[in-house]
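Okay, so here's the structure we're looking at.
Sequence positions, counted from 1, serve as the residue numbers for this chain.
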Amino acid sequence: MSSGGHRGGLNMLGVDVCLDEDKLTNAPHCPHGPALLFERYIGDTVETRRTQQYYGCSACRDRKDCDFFQNVGEKVSEASQKAREMRNNAQQPWKSHADCYSRYTRTMNAKEQERRYCHQCSLFIMPDEIKLHTNHNVTHGLSLAQMQKPSHLLKPIENKKTNAQYLFSDKAVDFLLDTISKLGFKKVLCVGAPRIHEAIQVDKLKGLESLLLDLDHRYGQFYPPDLFCRYNMCNHYFMDGDESQDVFRKFLNNDEDDDIVMVTDPPFGGLVEVIGFGVKWIMETWKQINNKDDKSSLPTMWVFPYFLESRIKACLPSFTMLDYKVAYDNHPLFQNKAKGNKKGSPVRIFTNIDASKFVLPKQEGYRYCSPCTRYVSSENHHCKQCQACTSKDGSTYKHCDVCQKCVKPSYTHCITCQRCELPTHSCNKMLQGCHICGASDHKRRECPNRGHHQRPNQSNTKKRKHQGGVSTPPKSQKLSGQTKNVAIGNQDSFLRKNISSDMKQSTSGVQKKKARNKKKNKKKWTKS
């Protein structure tokens, strides 16, 4: 993924992430596991363009959250390496998984009025520890429902550049679980989907088993090691080592064929290529453990915004997008109808399971399209020319005879650009070609000269100060946080672009009402 722009006085043409198992294995570690290898492109002309490779945190896009940075080829002294390891260890949970869960069992056995949870320390409070948490944010008198459903007790981490914990609505959870049961699955691997996991654990009557993989260590308070693994899906790293990975591998081992499904709900700001790499890694592990052939694939449901469909299909061509609109409790734009925007939630389900097997709820307006042999949303009309139900964003698309495809209703055909665009667009916008050789017929990822492209001489870079074993680049090169934001910023702008119109629609009514009330109050004040 890449983007362009000027940062720090340099013409930065974008950043790519290098996904390779060997490079991840040999990469330096930050508190979130192996770092990812990034490649930055800088230069004004083809002749002066150069690249720089460096390692950055896989989980955090903002250096305020994790400031790890190391140039490829940079020599790290033994003292700095030890300091880095100490710092990495210091940022891990200060109590073991087993100790945290033992606190849960003791709290569960206590009376309701004696159950306490400290949000500041992320810890259940024992009776002899009450004085230590006097001025902390503590929830007293925990009910059975709060103990069994931690996502309703824990405060969501809504930092979109790291965790972005937006939680499924009850209606979305019910739909997913009903669908999983009807499709005949017995085991559910929940990757970043805590509400699915806790619903399965509470309702054992459905006969489902589940394992939660999540980076948030707080869930280790509520589930034993055989039900929760602290896991970073951006680098496929198990934070608690081999024991945790063995639990994962054991869960993937099928007693019967095709009885397991993976449900993943990753942060929407994460790089699609990186997340897709993690999904494929889990799929390959499943194949190896169960001796599956290359044609077999782990059934998967990936929940993500509709407008990133092309990027998901580029990573996983066998995936198709369903029309079901997935709603969230704690995000105003990812809700349906009255609570959200007029088009409903922009989040969909991408899956390698046959779309015709999904029965979408008719009471929510979904209907069956016979020509497409699948369920579609009420506004998604079948186009005879395209021979498909083409709507994706919650509106009814219209067919353009010139483009020979369906487009959004707000688009009109531009003769100058020879494609459909918004009426307010700028014509003849220059499209950038390859950043390496300058050709317009391909991007830099497909450039035949990519491997031979000049990289900066690492020995000529200025010496950097080391703070706590983490390399800090000089001001002229201090772009790692910005660089990753540029790489992911392209996706962020994509998110903002596609949601901003819905945001305006959902807030315009409120603004108009406020304006009318202000006008009325002004008239009253004038009369008085």
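- Proximity of the aromatic rings of Phe228 and His97 is defined here by a centroid distance below 6.0 angstrom, and this criterion is met.
- In terms of modelled atom types and a separation under 3.5 Å, the side chain of Glu129 and the main chain of Met126 share a donor-acceptor contact.
- In this structure, Lys187 is positioned above the aromatic face of Phe251, its NZ or CZ under 6.0 Å from the six-membered ring centre and within 45° of the axis.
- Gln92 and Arg230 are linked by a side-chain donor-acceptor pair at a separation below 3.5 angstrom, with hydrogens and angles left out of the test.
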| request: Test ring-ring contact (aromatic ring centres under 6.0 Å, His included) on Tyr54 and Phe69 and set out the steps. | output: CA-CA 7 Å; Tyr54 67 92; Phe69 178 92; 5.1 Å; yes
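- Side-chain rings of Phe222 and Tyr219 stay apart, their centers remaining 6.0 Å or farther from each other.
- In this structure, Tyr237 has its ring center closer than 6.0 angstrom to the ring center of His29.
- Few gaps surround CD on Glu112; more than 12 heavy atoms of other groups in view lie less than 6.0 Å from it.
- Ring-plane geometry between Tyr117 and His119 is classed as perpendicular, the angle between the planes exceeding 60 degrees on a 0 to 90 degree scale with a lower cut at 30.
- A side-chain N or O of Ser151 and one of Arg195 form a donor-acceptor pair less than 3.5 Å apart.
- Asn352 and Ser297 share a donor-acceptor pair across their side chains, judged by distance under 3.5 Å alone.
- Donor-acceptor pairing under 3.5 Å is recorded for the side chains of Asn232 and Ser58.
- Side chain of Asn380 to backbone of Val376: no donor-acceptor contact under 3.5 angstrom is found.
- Between Trp281 and His236, the ring planes are parallel. Angles under 30° get that label, and only those over 60° would be called perpendicular.
- Side-chain atoms of Leu213 and Met233, non-hydrogen and from C-beta on, never get closer than 4.5 Å to each other.
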| task | Determine, step by step, whether Asp323 and Arg374 satisfy the salt bridge (Lys or Arg N to Asp or Glu O under 4.0 Å) criterion, reporting the C-alpha distance in whole Å, the side-chain angles of both residues, the deciding distance to 0.1 Å, and the verdict. | result | CA-CA 9 Å; Asp323 270 24; Arg374 68 183 182 96; 3.5 Å; yes
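- A 4.5 Å side-chain heavy-atom check between Tyr375 and Phe358 finds every atom pair outside the cut-off.
- Using a 4.0 Å cut-off between a side-chain N of Lys or Arg and a carboxylate O of Asp or Glu, Lys111 and Glu114 do not qualify as a salt bridge.
- Ring-plane geometry between Phe248 and Tyr231 is classed as parallel, the angle between the planes falling under 30 degrees on a 0 to 90 degree scale with a further cut at 60.
- Note that SG of Cys229 is 4.5 Å distant from CG of Leu211, once rounded to the nearest 0.5 Å.
- A salt bridge between Glu273 and Lys280 is absent, with no side-chain N of the basic residue lying under 4.0 Å from a carboxylate O of the acidic one.
- Relative ring orientation between Tyr166 and Tyr328 is described as perpendicular, the plane-to-plane angle rising above 60° on a 0-90° scale split at 30° and 60°.
- Between Ile349 and Leu176 the shortest side-chain heavy-atom distance falls below 4.5 Å.
- Between Glu309 and Lys392, at least one side-chain N (NZ, or NE/NH1/NH2) sits under 4.0 Å from a carboxylate O, which counts as a salt bridge.
- At a threshold of 4.5 Å between non-hydrogen side-chain atoms, the residues Met283 and Thr300 count as touching.
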| Could you walk me through whether Tyr306 and Phe350 pass the ring-ring contact (aromatic ring centres under 6.0 Å, His included) check? | CA-CA 9 Å; Tyr306 75 86; Phe350 296 85; 9.2 Å; no
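- The side-chain heavy atoms of Phe175 and Ile180, taken from C-beta on, include no pair separated by under 4.5 Å.
- At a cut-off of 3.5 Å, with distance as the only test, no side-chain donor of Asn254 or Asn290 sits close to an acceptor on the other residue.
- Counting only heavy atoms from C-beta outward, the side chains of Arg84 and Gln70 approach each other to under 4.5 Å.
- When the options Lys408, Lys343, Lys325 are evaluated for a salt bridge (charged side-chain N to carboxylate O under 4.0 Å, His left out) with Glu379, the one that passes is Lys325.
- Within the 4.5 Å cutoff, side-chain heavy atoms of Tyr223 are placed close to those of Glu198.
- Taking a cutoff of 4.0 Å between a charged side-chain nitrogen and a carboxylate oxygen, Asp67 and Arg87 qualify as a salt bridge.
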